[in-house]
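Note sheet for the following structure.
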Amino acid sequence: MLDTATLPFTIEPNANPVAASEREALLANPGFGRVFTDHMAMIRWNTEQGWHDARICPRAPLQMDPASSVLHYAQEIFEGLKAYRTDDGGATLFRPDANARRFAESARRMAMAELPEALFLESIRALVRADRAWLPSIDGGSLYLRPFMIASEVFLGVKPSAEYLYMVIASPAGAYFKGGAPSITVWVSDDFTRAAPGGTGAAKCGGNYASGLLAQAEAIREECDQVVFLDAVERRYVEELGGMNTFFVMDDGSLQTPPLGGTILPGITRDSILTLARDAGMTVREAPYAIDQWEADAASGRLRESFACGTAAVVTPIGRVRGTSRDFRIGNGGPGEVTTRLRAQLVAIQRGQAPDPHGWVEYLA
Ligand SMILES: *Cc1c(COP(=O)(O)O)cnc(C)c1O
């Protein structure tokens, strides 16, 4: 078998790229997740050859056999990370090695082939190089990268697939929230949970999202922005939102977030905020936080701020919490001081505008 860490990429440039004028028009207001670049990355795996056939090729629809096992048993994982345009016209990636590691961990949990981290990183770099012109220069803009892997064996038997297709697509994105981050209202789901002990809560898999969509739809129906899930065992402890981790800021200046225990997605933004807070000398606790405690602390003023965090929206203040039997405001309902400071600090590092003591930022040549 080839040394997969050094698998060469075949580069097939797109012969019919989007015209420069059209691309610039799209980049002026890309929104999120609807505009795509000219290329994509692909690598295949099967039991005989291992990882092979690495390429950057024109973005195009896939041809799939309807019996491909992902379409039936949902063996699928993904990642999300961003490339940023720097002030001098270069590009940066933020902690792509952490995404590579998590992708391999998700693969292991879903009984899929593990992509070597070096190959994950090279696929990202090669795609950003090919689609460099798609890095938005608008304020708050980024190129959102979506690596994912599907079970591609044509077989209806229930077993781990003998073939996988790994791909990366890229989508220019504007600021997730225009004009900074407004506070969101979250809906506490009584009926649905996201992840149970022993389940797939710590894996970044499409199935976790599929099972959360009904709860998210309920949140929207209740005129809330996001659903917040409680633990599946006691229905008591705050776990996370559908796609973001949660933090609590106390009146003594300390920071708390639910502990990773297999039911919470180990967010890279979460880890980065914990690190920045510890660097700043803040007291940080990774400890369970009960929903009743959240309500009581918000009422007493012991809790000052709450926020959600993840790659897409970075840091988003939570201003209000609602549920069938509760409705409470956090602080004055607007973005808090600590939330705003942590967000600004993280964004500055990501864009290469602040010192990077932990070596999180990779500059692309
Ligand atoms: C991706 C994701 C997050 C955030 O992770 P980041 O690495 O910070 O982007 C949080 N929760 C869920 C369920 C996720 O899928």
Side-chain angles (χ1 to χ4, degrees), residues 32-33 74 76-84 93-107 109-110 117 120-121 124 142-149 168 171 173 176-177 181 184 186 189 192-196 199-216 219 225-232 237-247 255 257-277 286 306-316 318 339 342-343 345-347 349-350 358 360-362:
F32 182 82
E76 188 270 356
I77 56 171
F78 67 95
E79 270 302 326
L81 68 162
K82 286 172 169 175
Y84 305 88
L93 296 170
F94 183 71
R95 305 188 69 180
D97 53 318
N99 294 95
R101 209 157 37 244
R102 188 170 65 187
F103 194 67
E105 282 159 13
S106 296
R109 176 63 186 86
M110 303 301 283
E117 289 169 25
F120 178 101
L121 292 171
I124 301 285
S142 60
L143 186 62
Y144 183 80
L145 300 159
R146 169 53 62 87
F148 64 102
M149 180 159 63
V168 190
S171 177
Y176 201 83
F177 296 111
I184 58 169
V186 294
S189 179
F192 306 110
T193 57
R194 176 184 170 275
T200 58
K204 211 167 172 70
C205 63
N208 289 341
Y209 279 73
S211 68
L213 289 176
L214 192 56
Q216 176 64 24
D225 302 286
Q226 290 281 333
V227 59
V228 53
F229 288 107
L230 302 180
D231 77 282
Y237 296 104
V238 178
E239 296 231 301
E240 63 174 311
L241 308 190
M244 283 188 271
N245 296 116
T246 50
F247 276 86
L255 196 64
T257 192
L260 302 178
T263 59
I264 288 178
L265 200 289
I268 294 161
T269 317
R270 175 188 180 279
D271 182 74
S272 305
I273 283 170
L274 286 173
T275 304
L276 290 178
E286 293 180 71
S306 301
F307 62 87
C309 68
T311 295
V314 198
V315 168
T316 302
I318 299 173
T339 302
L342 286 168
R343 180 190 166 86
Q345 230 180 325
L346 187 57
V347 167
I349 295 173
Q350 288 173 334
H358 299 283
W360 285 339
V361 175
E362 175 176 331

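Index from 1, following the sequence. Atoms within a ligand are numbered from 1 in the order they appear, just like the ligands themselves.
Between Tyr144 and Phe32, the distance separating the two ring centers is shorter than 6.0 angstrom.
Judged as a ring pair (Phe, Tyr, Trp, His ring centres under 6.0 Å), and not counting sequence neighbours, the contacts of Phe78 are Tyr209. Remark: Phe247 pairs with Phe307 by the ring pair (Phe, Tyr, Trp, His ring centres under 6.0 Å) rule, at least two apart or across chains. Evaluation of the side chain to side chain donor-acceptor pair (under 3.5 Å) rule for Glu362 yields Arg125 as partners, not counting sequence neighbours.
Side-chain contact between Lys204 and Arg102 is present, with heavy atoms from C-beta onward closer than 4.5 Å.
Of all the heavy atoms in Glu76 and Cys205, the pair that sits closest is O-CB, 3.3 Å.
If you look at ligand 1, the protein residues with a non-hydrogen atom under 4.0 Å away are Arg102, Arg194, Lys204, Tyr209, Glu240, Gly242, Gly243, Met244, Asn245, Leu265, Gly267, Ile268, Thr269, Gly310, Thr311.
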